[in-house]
Amino acid sequence: TTRTPEFLGLSSDAGLQPQSDSGTDVVVGVLDTGVWPEIRSYDDSGFGPVPETWKGGCDDSKNFKAAVACNKKLIGARFFSKGYEASMGPIDESKESKSPRDDDGHGTHTSTTAAGSFVPDASLFGFASGTARGMAARARIAVYKVCWAGGCFSSDILAAMDKAVEDGVNVLSLSLGGGQADYYRDGVAVGAFAAMEKGILVSCSAGNAGPGDATLSNVAPWITTVGAGTIDRDFPAFIALGNGKNYSGVSLYSGNLLPNEALPLIYAGNATNATNGNLCLSGTLIPEKVAGKIVLCDRGVSPRVQKGFVVKAAGGLGMVLSNTAINGEELVADAHILPAAAVGEKMGNAIRSYALSDPAPTATIVFAGTKVGVQPSPVVAAFSSRGPNAITPGILKPDLIAPGVNILAGWSGGVGPTGLASDSRRTEFNIISGTSMSCPHVSGLAALLKGAHPDWSPAAIKSALMTTAYDTYKGGDQLLDISTGKPATPFDVGAGHVDPVRALDPGLVYDLSVEDYLGFLCALGYTPLQVAAMSNRNFSCDSGKKHTISDFNYPSFSVPFQTAIFGGGASGVTTVKHTRTLTNVGTPGIYKATVSTSTNDVKVLVEPSELSFEQQGEKKTYTVTFSAPSQPSGSSSFGRLVWSDGRHTVSSPVAFTWT
Amino acid sequence: GASATKTYIVRFARSEMPAEFVEHRHWYDASLQAVSDSAAVLYTYDTVTHGFSARLTPDEAEALGNRPGVVAVIPETRYQLH
């Protein structure tokens with residue numbers, strides 16, 4: 001990526017880039033659509049021998065010659081298609097490669113985001129130009145192709161995770177998700193549990209089902225669940241209407257520009273006989289009505305870029321793509337096939353109103369390239385899935401957010417930047433958006449931490465990433481949610497936005513062992529069979545021991561007030577206690593607790609309120625008591641608990657809900 | 001219908017392998033053959049879980065779930081890129 005390293009404070013490397021060979025022994029495994037190995041992001045110049053612990057390899061196949069494709073950077077490339085073919089029939093090799101080769105682009109994008117090598121002069125048609133690199137540019141990459149044109153099947157995913165763990169990856173990155181199932185029924189959760197046991201951090205995308213509530217996937221507590229935010233870069237385009245009004249949008253269009261004079265503007269809903277013609281779906285526009293015009297299309301149903309092809313096929317010269325209420329003001333830039341710009345809902349409404357009311361509406365579109373320094377940033381992407389956690393409300397998810405909007409990274413040579421078959425353009429890099437893009441940022445950053453602290457457990461790395469994340473801008477205002485324009489909550493951002501430089505030295509961590517996770521399963525009330533299915537072991541929950549989610553040593557707090565369960569006094573006040581243990585991974589220090597909440601109704605007591613650490617590895621336990629009066633069901637409120645020694649801040653979000 | 005097959009992931013408790021088997025793989029094969037004449041193993045899992053995946057009818061899946069040592073029979077899930 002060309003901007004996010006700087007956005008994340010990595011431009012000076014801040015000691016995070018291990019130059020020794022030991023740092024390059026970290027392997028990031030990426031389960032996705034495969035790899036396009038010819039691009040420069042997999043260049044292995046300067047890399048030493050493949051780590052001795054590595055047991056993996058590359059699958060040699062018809063269009064993927066392992067000896068050529070793999071090197072000291074790309075050290076693993078396998079594919080898993082048996083489950084896919086069993087369900088969907090044999091792979092049509094004229095359409096997709098039965099090999100690790102990436103026909104889609106998504107897998108090349110995610111793996112290079114996590115750990116791509118430095119590539120000077122990277123850009124997409126000149127947009128976002130700069131030196132591209134992955135977050136852990138010195139780490140090795142192993143790709144496991146599990147996603148095909150028809151989807152990603154759990155039998156293949158599990159087989160790939162099985163192999164990746166055996167191969168010896170240190171971090172697993174999965175930018176995919178399914179529905180919301182119990183952990184023991186969810187292949188990713190099952191695979192991630194075993195990976196965690198072996199010291200592998202598993203980072204997964206939170207999903208793109210936002211901004212609705214409880215839309216998260218990959219919420220198991222042994223997974224790092226990553227939502228998406230914007231960065232300080234934009235690709236502005238300006239729409240000037242015949243009535244003299246100007247509106248701003250975004251675009252990655254590069255090609256022949258529109259004529260200097262204003263062109264006729266038409267709303268797609270007035271250029272169709274179809275009831276949903278406003279969406280510019282294939283075959284719905286009447287060529288006689290759109291030829292030579294700029295067409296205003298509404299977003300939805302079909303891919304954004306496909307609408308451009310539809311307009312072009314009908315003879316349109318340009319397109320304005322308007323968000324609807326679902327997307328609000330969130331702007332996602334696309335490499336459109338014709339001069340086109342995306343605008344937010346409000347501007348779309350204004351342009352539509354003009355197009356429908358003026359007897360001879362006209363417009364022009366001007367493209368302004370790449371702009372950096374955009375503020376405020378980050379803001380939470382509207383598409384980023386949100387909490388609360390529907391599977392285990394007692395665990396706050398997502399864990400954190402990372403850059404996931406308009407991210408430039410490597411791309412497949414087998415497909416154009418729009419991903420559509422009709423796009424004959426080929427580019428080495430592409431700019432796309434999704435929690436798929438934010439997840440590998442965190443995977444790469446986790447690899448950096450693993451390189452710097454090889455002895456840290458996956459839970460310690462995750463804790464470091466979470467407790468050092470920020471939830472305010474430099475001026476102190478809360479991070480914003482673009483879907484509402486209002487401050488984001490922990491249900492949107494979890495602990496906040498990742499800050500890798502601070503994560504390197506978190507001071508304290510909330511560590512978790514396999515036994516802690518088994519205790520968590522007991523707290524869920526899992527039967528011995530369910531625990532066995534989840535953890536591959538014959539384990540019985542100790543009936544004499546009290547297992548509670550509130551004592552699970554998670555780096556964040558979710559406090560569901562349930563009067564019926566916890567009991568309420570005569571005053572109607574409910575009290576919930578959480579216990580946590582902090583481990584010192586830094587220098588000696590005296591840490592003091594401070595708590596802030598968005599409501600005065602909730603009383604929070606931290607005992608003790610001061611913890612003194614004298615040695616590394618020392619552990620101290622504290623209790624937090626949350627007391628609140630009854631609230632209407634569905635209410636929520638938020639807070640933050642911070643331990644600080646004056647040099648480090650160990651920060652945890654708190655979410656209160658009333659059900 | 002009852003004869004339609006779909007993919008299931010069958011998980012075993014490795015520690016419960018009967019003494020008559022030397023390798024877990026043989027135990028899995030025998031368990032599968034006990035409920036199906038035609039089903040074939042797609043993958044055998046050894047690291048992140050223990051068991052196999054195969055195309056089964058619902059009846060075969062249910063029968064497998066009742067075999068000793070089987071801790072779960074989970075239908076295939078389709079995931080999507082994010």
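All values derive from a computational prediction rather than experimental measurement. Chain A is the first sequence line, chain B the second, and so forth, proteins listed ahead of strands; every chain is numbered from 1.
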Go through the side-chain N and O atoms of B:His82 and A:Ser205 and say whether any donor and acceptor fall under 3.5 Å apart.
yes
Where does A:Asn218 contact chain B at under 4.5 Å (heavy atoms): side chain, backbone, both or neither?
side chain
Heavy-atom contact with chain A under 4.5 Å, split by part of B:Ile9
side chain
Does some side-chain heavy atom of B:Leu81 sit less than 4.5 Å from a side-chain heavy atom of A:Thr33?
yes
One should read off an interatomic distance between A:Tyr184 OH and B:Ile74 CD1, to the nearest 0.5 angstrom, of 6.0 Å
Which answer fits A:Met196, side chain, backbone, both or neither, if we ask what part of it has an atom under 4.5 Å from a heavy atom of chain B?
neither
Would you check if A:Asn538 and B:Arg14 make a side-chain contact, meaning some heavy-atom pair closer than 4.5 Å?
no
Please tell me whether B:Tyr43 and A:Asp162 have a donor and an acceptor in their side chains that are separated by less than 3.5 angstrom.
no
Quick check on A:Phe80 against chain B: is it the side chain, the backbone, both or neither that has a heavy atom closer than 4.5 Å?
both
Just so I understand: if I count every heavy-atom pair under 4.5 Å between each of B:Leu42, B:Val70, B:Thr44 and chain A, which residue has the most?
B:Leu42
Return yes if a side-chain donor-acceptor contact under 3.5 Å exists between B:Arg78 and A:Ser154, otherwise no.
no
Chain A heavy atoms under 4.5 Å from B:Ser15: which part of the residue, side chain, backbone, both or neither?
side chain
By a 4.5 Å heavy-atom criterion (distance strictly below it), what part of B:Thr7 contacts chain A: side chain, backbone, both, or neither?
side chain
A:Asp186 and B:Tyr79: side-chain donor and acceptor closer than 3.5 Å?
yes
Can you tell me how far apart NZ (A:Lys163) and OG1 (B:Thr47) are? Round to the nearest 0.5 Å.
7.5 Å
Counting distance only, does the side-chain N/O of B:Glu76 pair as donor-acceptor with the main-chain N or O of A:Ser155 below 3.5 Å?
yes
Please say whether more than 12 non-hydrogen atoms of neighbouring residues, nucleotides or ligands are located less than 6.0 Å from CD in A:Gln530.
yes
Under 4.5 Å, counting heavy-atom pairs only, tell me which of A:Gly404, A:Gly150, A:Gly177 racks up the most with chain B.
A:Gly177
Could you tell me whether the side chain of B:Ser53 reaches within less than 4.5 Å of the side chain of A:Lys82, counting heavy atoms only?
no
The single option from A:Val190, A:Ile157, A:Leu158 passing side chain to side chain contact (heavy atoms under 4.5 Å, CB included) against B:Val48:
A:Leu158
For chain B, find which of A:Asp156, A:Asp32, A:Leu176 contributes the most heavy-atom pairs closer than 4.5 angstrom.
A:Leu176
Using a 4.5 angstrom heavy-atom cutoff, name the option from A:Gly207, A:Gly434, A:Ala532 with the most pairs to chain B.
A:Gly207
Below 4.5 Å from any heavy atom of chain B, which atoms of A:Thr110 appear? Answer side chain, backbone, both or neither.
neither
Heavy-atom distances under 4.5 Å only: say whether A:Val146 touches chain B with side chain, backbone, both or neither.
neither
Using non-hydrogen atoms and a 4.5 Å limit, figure out which bit of A:Ser81 sits close to chain B: side chain, backbone, both or neither.
backbone
Is chain B contacted by the side chain of A:Ala206, its backbone, both, or neither, given a heavy-atom distance below 4.5 Å?
backbone
